[in-house]
2 protein chains.
Amino acid sequence: MPSISDVAKLAGVSVTTVSRVINNSAHPVNQETRERVLKVAQELNFVPNALARALVSDSTHMIGVLVGDASDPYFATILRGISVIAREEGYLTMICNSDRLPEIELSYVQMMSNYHVDGILFTGGGLTDSSYIQEMRNLLADLQERGVPVVLLGTHRFSAPQVSIDNVQAAMDMTEYLISLGHKRIGFINGPDLLTTSALRLEGYCKALEKYGIPYDPGIVVSSEFTYEDGQRATDLIISCPERPTAIFGSNDLTAIGCLSRLRERGIQVPEEISVAGFDDISAARYVNPPLTTVHVPMWDLGAAGMRHLLKLIKGEAQAVEETYLLPYTLEKRQSTAAYPGR
Amino acid sequence: MPSISDVAKLAGVSVTTVSRVINNSAHPVNQETRERVLKVAQELNFVPNALARALVSDSTHMIGVLVGDASDPYFATILRGISVIAREEGYLTMICNSDRLPEIELSYVQMMSNYHVDGILFTGGGLTDSSYIQEMRNLLADLQERGVPVVLLGTHRFSAPQVSIDNVQAAMDMTEYLISLGHKRIGFINGPDLLTTSALRLEGYCKALEKYGIPYDPGIVVSSEFTYEDGQRATDLIISCPERPTAIFGSNDLTAIGCLSRLRERGIQVPEEISVAGFDDISAARYVNPPLTTVHVPMWDLGAAGMRHLLKLIKGEAQAVEETYLLPYTLEKRQSTAAYPGR
DNA sequence: TATAATATGGAAAACGGTTTCCGGAAAACG
DNA sequence: CGTTTTCCGGAAACCGTTTTCCATATTATA
């Protein structure tokens with residue numbers, strides 16, 4: 001690969017000058033010289049080594065993105081938002097998939113730090129394991145102290161600016177909607193116990209029940225992973241309850257869609273016999289049968305807003321205050337929910 | 001951040017020695033000295049700067065991954081496979097989402113090159129634009145010449161090792177399956193015209209028709225993007241054909257699922273009136289109603305195999321021959337297809 | 001016309017590591 | 001006991017940039 005000194009030699013100038021022209025430095029350089037350098041650089045197909053440049057300028061133009069599961073449509077969409085904004089601003093993303101494993105999350109953050117990323121977008125698992133939290137807290141604090149900004153996407157228990165939606169309120173709204181349809185017995189497919197988001201959505205569900213004086217029945221609230229399969233499993237548990245619910249609220253779309261498919265297998269009509277609601281509004285929600293009523297989370301915007309804020313922090317256009325920026329959500333009422341008793 | 005010389009100073013040795021102990025160099029270093037260095041490094045929380053290290057060792061341990069659309073479940077799953085293997089081997093992935101835009105693909109590859117990635121996994125759009133192909137070809141050739149291995153995932157028209165499945169044969173198999181069910185008029189939702197994969201799957205479809213002497217009718221073959229929405233649009237076109245097909249083969253699952261939902265909206269029973277088949281076997285395929293008959297593409301394995309091969313090339317354990325490694329696929333026969341005429 | 005300001009370019013010191021080459025001490029060998 | 005190895009450690013070059021500081025030539029100012 002041609003280096004800057006190759007260009008310098010061929011153009012008969014010093015590397016200093018070459019550096020100046022390719023960086024459009026403020027330091028004046030003769031028009032004629034400039035053109036000569038540019039011409040040689042072109043011919044040699046010279047492109048500056050980003051590593052060397054980063055080493056001295058202490059800015060890599062790389063953003064570390066930590067994600068729990070990039071194949072989950074929820075995160076995948078967030079990633080799109082992130083990468084579009086990053087690209088617009090000339091930043092590169094180092095996307096790391098932790099599979100929600102605590103040790104892996106920690107090691108990735110460490111690696112990002114070693115590579116001197118300019119900032120970190122933390123979309124990770126939102127795990128609640130306490131020793132993990134402690135370690136990650138230290139890691140993130142160190143980073144921020146060293147001037148590496150961090151932005152949290154979704155709900156996390158670290159101290160850094162955070163971009164999210166109001167999970168509690170949204171879950172409460174959806175539950176109230178089901179109640180408004182006449183449902184009094186509403187099953188809840190909770191998210192994984194070790195995710196903070198799960199707790200919040202569950203809280204919203206409970207608050208709504210409480211508001212309407214509906215007793216909380218642990219028998220129809222079951223925890224699951226955020227997957228189709230677990231949505232099916234949870235559904236089996238919920239419908240095997242002696243007094244079967246007339247509605248099931250899945251705390252994400254994947255589980256709700258799993259629920260839908262299991263109910264169909266069992267010959268239970270949706271929404272005639274049981275209404276089903278989800279959370280997230282992944283694109284599949286619109287295409288399942290029946291189309292899923294769900295909370296629309298602006299995933300793309302979440303990613304984009306997080307990245308925009310991170311870039312502001314990097315450029316010093318904003319101060320890192322520990323604040324949560326909430327984006328608006330909406331209720332998408334589709335055909336998987338209906339009034340009870342039946343139409 | 002503490003540097004190697006800070007450690008050296010505090011441990012009372014030279015940077016050379018520090019480098020040797022943290023790298024477990026073959027050069028012998030006294031056990032006592034080694035421990036002292038390790039202790040100081042620990043205390044200072046020293047971690048070597050990956051950029052500096054990469055600059056001199058000419059190996060970044062970063063893999064550039066180019067992907068057309070990371071939120072497409074097909075690619076998302078491939079990415080999982082990629083990142084798991086990468087992690088196992090201590091490599092970091094720089095994932096770049098091109099949105100299938102030619103200029104962006106080119107600029108990303110250029111950027112990866114500037115960052116001196118150790119290898120490139122090319123999962124990009126598979127675009128057919130000719131000037132793009134020419135430029136990309138040059139770029140990739142340059143890279144390989146410079147010793148940066150490239151592995152292609154899926155079908156591409158560049159010269160590098162390639163990991164894929166036999167798209168032609170698979171599409172042919174599925175078409176033959178439909179024919180074996182008694183269908184003689186089979187609609188085809190083709191992929192985007194500018195994707196090489198589309199052409200292959202279409203070819204398989206045609207070959208099957210030919211084999212059974214079924215005339216090819218362009219009226220029931222329509223091109224679409226690989227999205228739900230376009231699957232719906234294509235379906236409208238196909239079913240508005242005077243002599244309506246009794247089966248529709250979508251060349252990926254997203255379009256096939258879009259097809260399913262549109263048929264339902266139109267009140268057309270699947271599979272009683274029309275059979276529907278897809279391609280890819282994304283996880284949603286199993287959960288739609290009715291579960292989708294589709295070609296199972298081992299997406300995760302595709303990613304993993306590609307990454308494994310790339311790592312071999314990087315480590316010099318394999319030679320970069322321009323060869324295509326085909327992974328096995330299977331036909332998943334589910335409930336969206338049935339014999340014609342109806343049961 | 002003497003002097004200050006500006007335009008233009010280079011030398012050299014960083015940045016933070018790895019690696020080659022070398023030298024002295026201790027151990028092994030004859 | 002002299003000589004060859006082996007063990008251990010350091011000096012310095014290098015990777016490819018940016019940037020500070022300085023030098024010279026040219027032009028503007030008084």
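This structure is a prediction, so every number in the text was calculated from the model and none was measured. Below, chains carry the letters A, B, ... as their sequence lines are ordered, and counting in each starts from 1. Only this structure's heavy atoms are used, side chains among them; waters, hydrogens and symmetry mates stay out.
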Please check if the side chain of A:Arg20 supplies one atom and the backbone of A:Arg34 the other of a donor-acceptor pair under 3.5 Å. no
For D:dT18, which nucleotide in any strand shown is its Watson-Crick or wobble partner with both distances under 3.5 Å? C:dA13
Looking only at atom types and distance, does a side-chain atom of A:Asp99 sit under 3.5 Å from a main-chain N or O of A:Leu101, one as donor and one as acceptor? no
When you check the phosphate oxygens OP1 and OP2 of D:dG10, does a side-chain N or O of B:Thr17 lie under 4.0 Å from one of them? yes
Quick one: do A:Glu317 and A:Arg308 make a salt bridge, cutoff under 4.0 Å? no
Going by heavy atoms closer than 4.0 Å, what residues in residues 40-56 of chain B are next to DNA chain D? B:Leu55, B:Val56
Which residues in residues 19-36 of chain B have at least one heavy atom lying under 4.0 Å from any atom of DNA chain D? B:Arg20, B:His27, B:Pro28, B:Val29, B:Asn30, B:Thr33
Do the charged groups of A:Lys315 and A:Glu89 touch, with an N to O distance under 4.0 Å? yes
No-hydrogen, no-angle side-chain donor-acceptor test under 3.5 Å, A:Tyr325 and A:Gln162: no
Under 4.0 Å from OP1 or OP2 of D:dG16: is there any side-chain N or O of A:Ser3 that close? no
Is there, by distance only and without an angle test, a donor paired with an acceptor across the side chain of B:Thr16 and the base of D:dA11 below 3.5 Å? yes
Rounded distance (Å) that lies between atom P of C:dC15 and atom CZ of A:Arg146: 16 Å
Under 3.5 Å, is there a donor-acceptor pair between the side chain of B:Thr60 and the main chain of B:His116? yes
Please work out which of the three classes, parallel, tilted or perpendicular, describes the rings of A:Tyr91 and A:His61, given edges at 30° and 60°. parallel
A:Ile4 atom CD1 is separated from C:dA12 atom P, nearest whole Å, by 17 Å
My understanding is that only one of B:Asn23, B:Thr17, B:Thr16 makes a side-chain contact (heavy atoms from CB on, under 4.5 Å) with B:Ser19; could you say which? B:Asn23
